[in-house]
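First comes the structure, then the notes that go with it.
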Amino acid sequence: MNNIFLLKKIKDRINFLRKEIIKHDYFYYNENNPKISDKEYDDFVKELKNLEAENPNFNLYDSPSHKVSGSLSSNFRHIKHFSNMLSLDNTYSYTEIMEWHKKISKKIFNKNIEFIIEPKIDGLSANLIYVDGTLISGSTRGDGLIGEDVTENIKTIKSIPYKLATDSFSNFFELRGEVYINKKNFKELNNNIIKHGHKKFVNSRNAASGSLRQKNKNITASRKLDFFVHSIGFSENNNIINQFDFLQLCKKHGFKIQEDFKICSSLKEIYEYVNIIFNKRDFFVYEIDGLVIKVNDFKLQNEIGCTNKSPRWAIAFKFPAKQATTIIKKIEVHVGRTGRITPLAILEPVFVSGVTISNATLHNFDEIKRLNINEGDTVLIERAGDVIPKIVKVIKKKKKNFFNVPHFCPSCNSIILKETIDKVTYRCINYRCKEQFKNRLIHFASRDSMDIFGFGEVVIDQLLERNKIKLISDIYSLTFNDFIELNLFGKKKTNNILKSILFSKKKPLNRLLFALGIKHLGKEKSKIIAKKFKNIKALINATSSDFIKIPEIGNKLCTSLKMFFESKYNLNIINYLIKFGVNIEESVLQIDNGFFKNKTFVFTGKLLNYKRKQIYEIIESFGGIISEYINNRVDYIIVGSNPGFKLSKAKIFNIEIIDEKKLESILIS
Ligand code: IVH
């Protein structure tokens, strides 16, 4: 490409990036309402910095890449900081940490550097000035030189001491830290806000920022803000040597510090700690978005110095973003096992905190309305913990019209109705709907129900296609050939599934009740009901007043149970289940062969065909006892492949040995 054209392209891109950064700074700092994720913002800054470094002619002094981002609202008086409040350089990879480490080691001629790593709190920074041990002002970071005067609001935060507990370490100093709101209080705050018809905060950082920057300090006081000290600004003579001592001193003076810090002296230790905290991230009671790696020694920090935007002696390692923007390709509706219709957003695939996301849950149609989303919209999505991502908000709308709830079931074309009780749930009212049936089968076989190992969606889909299952009870009439014909797996797995189906017959009644997928009946209530009624026949004969007598059964569940056990379709299934030998009693002891009752079993080695937990449950349901230790009270040792020392110990005690084959034959007999 012609050089001039290339330069023009670069200049345009630089201008575009500068405008975007300034625009998003405004949304983030002034409106507490970011429109893109942190990672997307950081990528803009990184790209701009690179382009400016490669093209010094375009590197203007007032570029946003040289300035500390922030805002100064005219709602507050302004306060000049005694020393500038800088920002931190962000990194997202170990390679970048390694490069930073190399750079500073070079700068101070490879002295053995000690680092201190602290979690990076996702809040907003505040500057506190103490004179003679009394808090005289509190301000936001603002543009780094001047902040907003939020002293009165700061004074409402309980974890910020107004007067220091002991003689302060200096007569005049600035303390810096993060104002934040913990996860529990953030949730409560948002629930409250929605109740009052206001728009909720997108994340806890925005909630903290919006709550601190209130004109009315009583509102701030009601928001349960918190504060962690993390650095020192200007300070008249003090003898503090390093960050570690500084934190301990702050603690002594009554401040809260993060206890999850670590002193490290090698890159390896740094990586290890970053990993540890990353894995613990969701267990923190407050949000953290990364770690800050700092040179511990204050003298060395001075030697290494700062740019006008950030210190060179510290760096932030940001965790992979939990948020990202993407486009909703389609809104699909799914039919659950109880006919419940739930919407699902199919997304343009996007990379979020280490995984590619291609769909997001929408709990119900009210949520679609609340978020005002439709197909084609650009949205901000967020992953919290391991849960499926959710849509936080719309960033750009494509269509003006609303997404409409479908009138007919996408699977069976029956009518979809809104529940009259909760007025939120929509259901396909056809109990024989194919999709409902498929999901009932998946639920029946699932781990907490009948626990049929290997009998998942793929297998079920194919069996349904071949018309092998018409009623749930047909699971128990499936043959070896039915599975082999699917060409999904070989003999061994087929045998395992068949065995697992066989074992499932011995599950206690509470499992069967839960597996049947009765509306409003969860695991715990299944246990209560099974314990009270003991046998499924008693449930069939029960009247509404028998049900309602049980405190845990409310009107909704009572109606649902009654309807279920009155339906001819369901009674037919129950009859088949009984015919196939499925246990219908809560106590299964009477139907076992007596072998296990009151006998103690120890396991050693790996079982080839079963999960240990599965066998433990069966043995216990037959009245057997599972033990970890070999002693003279043990009756049998079950031996798998590669047995451990327990086997030799068992031989000394003359304990009878049972291998997997023999165990199988006893179980099936
Ligand atoms: S040390 C440059 N330590 O992150 C000032 N900052 O993105 C040195 N932050 O403005 C700050 N947790 O408000 C430090 N443990 C921590 C922190 C932390 C959160 C904030 C701080 C800073 C921002 C930079």
Side-chain angles (χ1 to χ4, degrees), residues 21 24-25 28-29 34 37-39 41-42 45-46 65 67-71 81-92 100 115-128 138-145 147-148 150 154 159 174-182 203-206 208-209 212 225-235 242-244 246-247 250-251 255-264 270 273-274 277 281 284 286-296 298 301-302 304-319 321:
I21 291 168
H24 288 295
D25 275 347
Y28 189 91
Y29 291 105
S37 68
D38 284 6
K39 171 83 168 74
Y41 175 87
D42 287 343
V45 175
K46 200 170 167 188
S65 62
K67 285 195 281 189
V68 173
S69 311
S71 75
H81 306 310
F82 276 79
S83 73
N84 293 354
M85 284 184 85
L86 300 179
S87 179
L88 286 166
D89 268 350
N90 287 336
T91 59
Y92 286 88
W100 169 76
F115 298 94
I116 181 161
I117 310 187
E118 298 162 15
K120 188 170 182 306
I121 312 135
D122 203 6
L124 82 152
S125 46
N127 190 35
L128 314 177
S139 60
T140 64
R141 183 170 67 177
D143 64 5
L145 306 173
E148 296 152 322
V150 285
I154 285 277
S159 41
E174 291 178 306
L175 272 192
R176 275 135 197 200
E178 211 71 1
V179 174
Y180 69 96
I181 183 163
N182 73 28
N203 55 42
S204 58
R205 199 215 80 91
N206 299 118
S209 174
L212 183 68
L225 294 175
D226 230 318
F227 182 80
F228 276 128
V229 176
H230 57 53
S231 51
I232 187 159
F234 173 82
S235 167
N242 58 32
Q243 173 75 359
F244 174 81
F246 165 69
L247 290 175
C250 288
K251 196 171 157 182
F255 287 96
K256 262 172 104 169
I257 62 159
Q258 296 192 93
E259 300 288 350
D260 281 278
F261 63 80
K262 184 164 166 71
I263 309 265
C264 294
I270 293 177
Y273 196 61
V274 166
I277 297 295
R281 174 186 193 178
F284 274 72
Y286 52 94
E287 285 292 347
I288 59 169
D289 60 346
L291 289 137
V292 185
I293 309 162
K294 305 173 181 175
V295 168
N296 192 22
F298 283 170
Q301 286 186 2
N302 261 337
I304 297 166
C306 305
T307 68
N308 51 3
K309 189 172 179 180
S310 48
R312 289 197 173 92
W313 46 263
I315 199 160
F317 176 86
K318 296 271 287 257
F319 294 146

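Model, not experiment: these values are computed from the prediction. For ligands, and for the atoms within them, numbers begin at 1 and follow the listed sequence. No hydrogens, no waters, no symmetry mates; every other heavy atom, side chains included, goes into these values. Residue numbers run from 1 in the order of the sequence given.
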Angle class for the Tyr180/Phe228 ring planes (parallel below 30°, perpendicular above 60°, tilted otherwise)?
-> parallel

Below 3.5 angstrom, do we get any N/O pair linking Ile121 and ligand 1?
-> yes

Could a heavy atom of Ala314 be found less than 4.0 Å from some atom of ligand 1?
-> no

More than 12 foreign heavy atoms under 6.0 Å from CZ of Phe82: is that the case here?
-> no

What do you reckon, is NZ of Lys256 surrounded by more than 12 foreign heavy atoms closer than 6.0 Å?
-> yes

Take every heavy atom of Arg176, measure it against each atom of ligand 1, and state whether any distance is under 4.0 Å.
-> no

State the atoms of ligand 1, each with its element, that fall below the 4.0 Å cut-off from a heavy-atom position in Val292.
-> 3 (N), 15 (N), 16 (C), 17 (C)

Thr91 side chain to Ala316 backbone, donor-acceptor under 3.5 Å | yes

Distance filter under 4.0 Å to Glu178 heavy atoms, resulting ligand 1 atoms = 9 (N), 13 (O), 19 (C), 20 (C), 21 (C)

Any atoms of ligand 1 less than 4.0 Å from a non-hydrogen atom of Ser87? List them with their elements.
-> 2 (C)

Which ligand 1 atoms are under 4.0 Å away from a heavy-atom of Pro311?
-> 2 (C)

Contact check: Pro119 vs ligand 1, nitrogen or oxygen atoms, below 3.5 angstrom | yes

Atoms of ligand 1 close to Ser125 [distance to a heavy atom under 4.0 angstrom, numbered from 1] | 10 (O), 13 (O)

Quick one: look up the protein heavy atom nearest atom 3 (N) of ligand 1 and list residue, atom name and how far away it is.
-> Lys294 NZ, 2.9 Å

Note: Glu287-Arg205 ion pair, threshold 4.0 Å (strictly below) = no

Distance-only N or O hit between ligand 1 and Asn90, under 3.5 Å = no

Could you walk me through whether Trp100 and Asp89 pass the side-chain contact (heavy atoms from CB on, under 4.5 Å) test, one step at a time?
-> CA-CA 10 Å; Trp100 169 76; Asp89 268 350; over 6 Å; no

Closest approach of any protein heavy atom to atom 23 (C) of ligand 1, naming residue and atom | Lys120 NZ, 4.1 Å

So, Glu178 and Tyr286: side-chain donor and acceptor under 3.5 Å apart, yes or no?
-> no

Determine yes or no for a side-chain-to-main-chain donor-acceptor pair under 3.5 angstrom, with Ser159 supplying the side chain and Phe227 the backbone.
-> yes

Point-to-point distance, once rounded to the nearest 0.5 Å, from CD of Glu118 to CD of Gln243 | 4.5 Å

pair Asn302-Trp313: side-chain heavy atoms closer than 4.5 Å = no

If you have a sec, work out which protein heavy atom is nearest atom 5 (C) of ligand 1 and how many Å separate them, to one decimal?
-> Leu86 O, 4.0 Å

Would you say Arg141 has any N or O atom under 3.5 Å from an N or O of ligand 1, going by distance alone?
-> yes

Hey, is ligand 1 close enough to Glu118 that some N/O pair sits below 3.5 Å?
-> yes

Could you tell me the residue and atom name of the protein heavy atom closest to atom 17 (C) of ligand 1, and the distance to it rounded to 0.1 Å?
-> His230 CD2, 3.5 Å

